Number of protein chains: 2
Amino acid sequence: MFRGTLARRAWEEAAIPLDIPEVVIERLPVYLRVLDRLQRNGHSVISSQDLGEELGVTPAQIRKDLSYFGRFGKQGRGYSIQRLIGELRQILGLERRWSMALVGAGQLGRAIASYRGFGPQGFDLAAIFDASPAVVGTTVAGHTVEHVDSMEDRLRERPVEIGIVAVPAEHAQAVIDQLVGAGVHAILNYAPRAVQVPGHVRVRQIDPAAALQSMTYYLKSEEPALRAPR
Amino acid sequence: MFRGTLARRAWEEAAIPLDIPEVVIERLPVYLRVLDRLQRNGHSVISSQDLGEELGVTPAQIRKDLSYFGRFGKQGRGYSIQRLIGELRQILGLERRWSMALVGAGQLGRAIASYRGFGPQGFDLAAIFDASPAVVGTTVAGHTVEHVDSMEDRLRERPVEIGIVAVPAEHAQAVIDQLVGAGVHAILNYAPRAVQVPGHVRVRQIDPAAALQSMTYYLKSEEPALRAPR
DNA sequence: CTGTGTGAATCCATTCACAGCT
DNA sequence: AGCTGTGAATGGATTCACACAG
């Protein structure tokens, strides 16, 4: 949703896939997380049935999702967890590391810069930019904050694959335009703002307040019944 | 996705709605954000056409989404922005404020506690819990951190509607079970872990690393062509 | 027997297209 | 003349159900 239809590039890698639904791709990282945990807990095979129960997803959905990419299971047994982890990492492009530029070194940006969840999953922060003279030049999470005006030059010298946007909403679109201009094709946007990008650029929105607001819809009809049942 | 089918409560409020698709509910906060901005910029009416362009969504989708809840537009003119903001806030239950308990006062938890995006959208932090003796008793964002073992009692005395989970993945399920036990029906989960909840509880996942991993799928097929086109 | 892989069937969401209001 | 509201049509995604492999 909120993503223009886009002419996907024809497939060039060896493999087979053709035109996989985006929802499927979005589920794969979640499958991967569960499999990692099961492996750490000593499991070595799992059926789509059991995996589905872990995830709250139907077994058929898991089998169908995986079948887009190959035949990884063994009938009568299930899936080798080790094998499946390897396949998913391959599919998602996680056999390599990816580098990111963070724009915005305010309170939110600094929290993102020191978030420990990216590194272990294969993502490295390579540069931090901000527009405020007060923070440019300071050190954040081991990086010297550079001025956002030097961003396009800087990224042309040493490119990154991913941009993280943590600037105030009113500047988000301009910053994203600059990132796209510098050749970035994937953006993680923490600004609470719908942004427009060319069709070949992917955006994922991180918007906790919007997530809360979609839950209050359901809370508002439940609460009265619980509180004043007479 | 990743949410069990659940028997929704029958509608009791006045209004009309019946069984609205969850995707529709998730879009409403985004519509609201754009409308707020347009209003601040001095606009007073907008057509589904123009609103759709702001959002990267078809006009028909916006009209259909809104039509689940009523007839808010004027033919030939469009929608009154002020009116529509009011209706959406009503629908989403944003005419009141909601209170939240945060579990986990580590690096991530502290960042969440001082995140400035919740208050203006109607969400107040009411309590913070942690399990580590090193942080229990300290002050975080104006709240004294309480021990997680006292959480259920504490929340029975002074309930909250929403729980925010920012504990290590291996403790997330246990913490969520406790929150649910204490009567919380909505959870914002920052732990990178699929969790199980009873059907009447809503969970929204905030998982930036998973968001990145679903974008690398597309990057991995684009990059080689850009870098080594010969 | 157990559990995958997959065409077919079903279910759900999006888009179309136009009648009708302003 | 312009734009909403909405049944009908289309397009996708999920689930079913079973042939087949181990």
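What you are looking at is a predicted structure, and each value in this text was computed from that prediction instead of being measured. Proteins come first, then strands; the chains are lettered A, B, ... in the order of their sequence lines, and each starts at number 1.
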| task | Rounded off to whole Å, could you give me the CD-to-P distance for the A/Glu22 and C/dA13 pair? | result | 18 Å
| query | Hey, what do you get for CG (B/Asp65) to CZ (B/Arg27), rounding to the nearest 0.5 Å? | reply | 4.0 Å
| Hey, are B/Arg96 and B/Glu161 close enough for a salt bridge, meaning a charged N less than 4.0 Å from a carboxylate O? | yes
| field | Value in whole Å for how far the P atom of C/dC12 lies from CD1 of B/Ile20 | value | 14 Å
| query | Going by number, which of residues 72-82 of chain A have a non-hydrogen atom under 4.0 Å from DNA chain C? | reply | A/Phe72, A/Gly73, A/Lys74, A/Gln75, A/Gly76, A/Arg77, A/Gly78, A/Tyr79
| query | When the distance from CZ of B/Phe69 to P of D/dT6 is rounded to whole Å, what number comes out? | reply | 13 Å
| Given D/dG22, is OP1 or OP2 found less than 4.0 Å from the side-chain N or O atoms of A/Arg71? | no
| remark: Atom CG of B/Leu51 and atom P of D/dG5 are separated, to the nearest Å, by 12 Å
| message | Salt bridge or not between B/Arg193 and B/Asp207? Use side-chain N to carboxylate O under 4.0 Å. | response | no
| task | Measure the shortest side-chain to side-chain distance between A/Leu188 and A/Phe118 over non-hydrogen atoms and say whether it is less than 4.5 angstrom. | result | yes
| message | One thing to verify: whether A/Glu22 and A/Arg202 come together as a salt bridge, which I'm taking to mean a side-chain N less than 4.0 angstrom from a carboxylate O. | response | yes
For nucleotides 16-18 of chain D, which of its nitrogen or oxygen atoms have a protein nitrogen or oxygen under 3.5 Å away, and what is each distance?
unit_1: D/dA17; atom_1: N6; unit_2: A/Arg63; atom_2: NH2; d: 3.2

| Phosphate oxygens OP1/OP2 of D/dT4: is one of them under 4.0 Å from a side-chain N or O of B/Ser48? | yes
| query | Between A/Ile46 (CD1) and C/dT2 (P), how many Å, whole number? | reply | 18 Å
| Interatomic distance where CG belongs to A/Asp19 and C1' belongs to D/dG11 [whole Å] | 13 Å
| query | Would you call B/Arg40 and A/Glu170 a salt bridge, using N to O less than 4.0 angstrom? | reply | no
| said: Looking only at side-chain N and O atoms, does A/Gln196 offer a donor or acceptor that is under 3.5 Å from a partner on A/Gln173? | reply: no
| message | Any side-chain to backbone donor/acceptor pair from B/Trp98 onto B/Gly93? Under 3.5 Å, distance only. | response | yes
| query | Starting at CG of B/Asp65 and ending at P of D/dT4, how long is that distance when rounded to a whole Å? | reply | 14 Å
| message | Nearest to the side chain of B/Arg27, heavy atoms from C-beta on, is which of D/dT14, C/dT14, D/dT6? | response | C/dT14
| When the distance from CD1 of B/Ile62 to C1' of D/dT6 is rounded to whole Å, what number comes out? | 16 Å
| query | Taking atom CZ of A/Phe129 and atom CD of A/Glu152, what is their separation to the nearest 0.5 Å? | reply | 10.0 Å
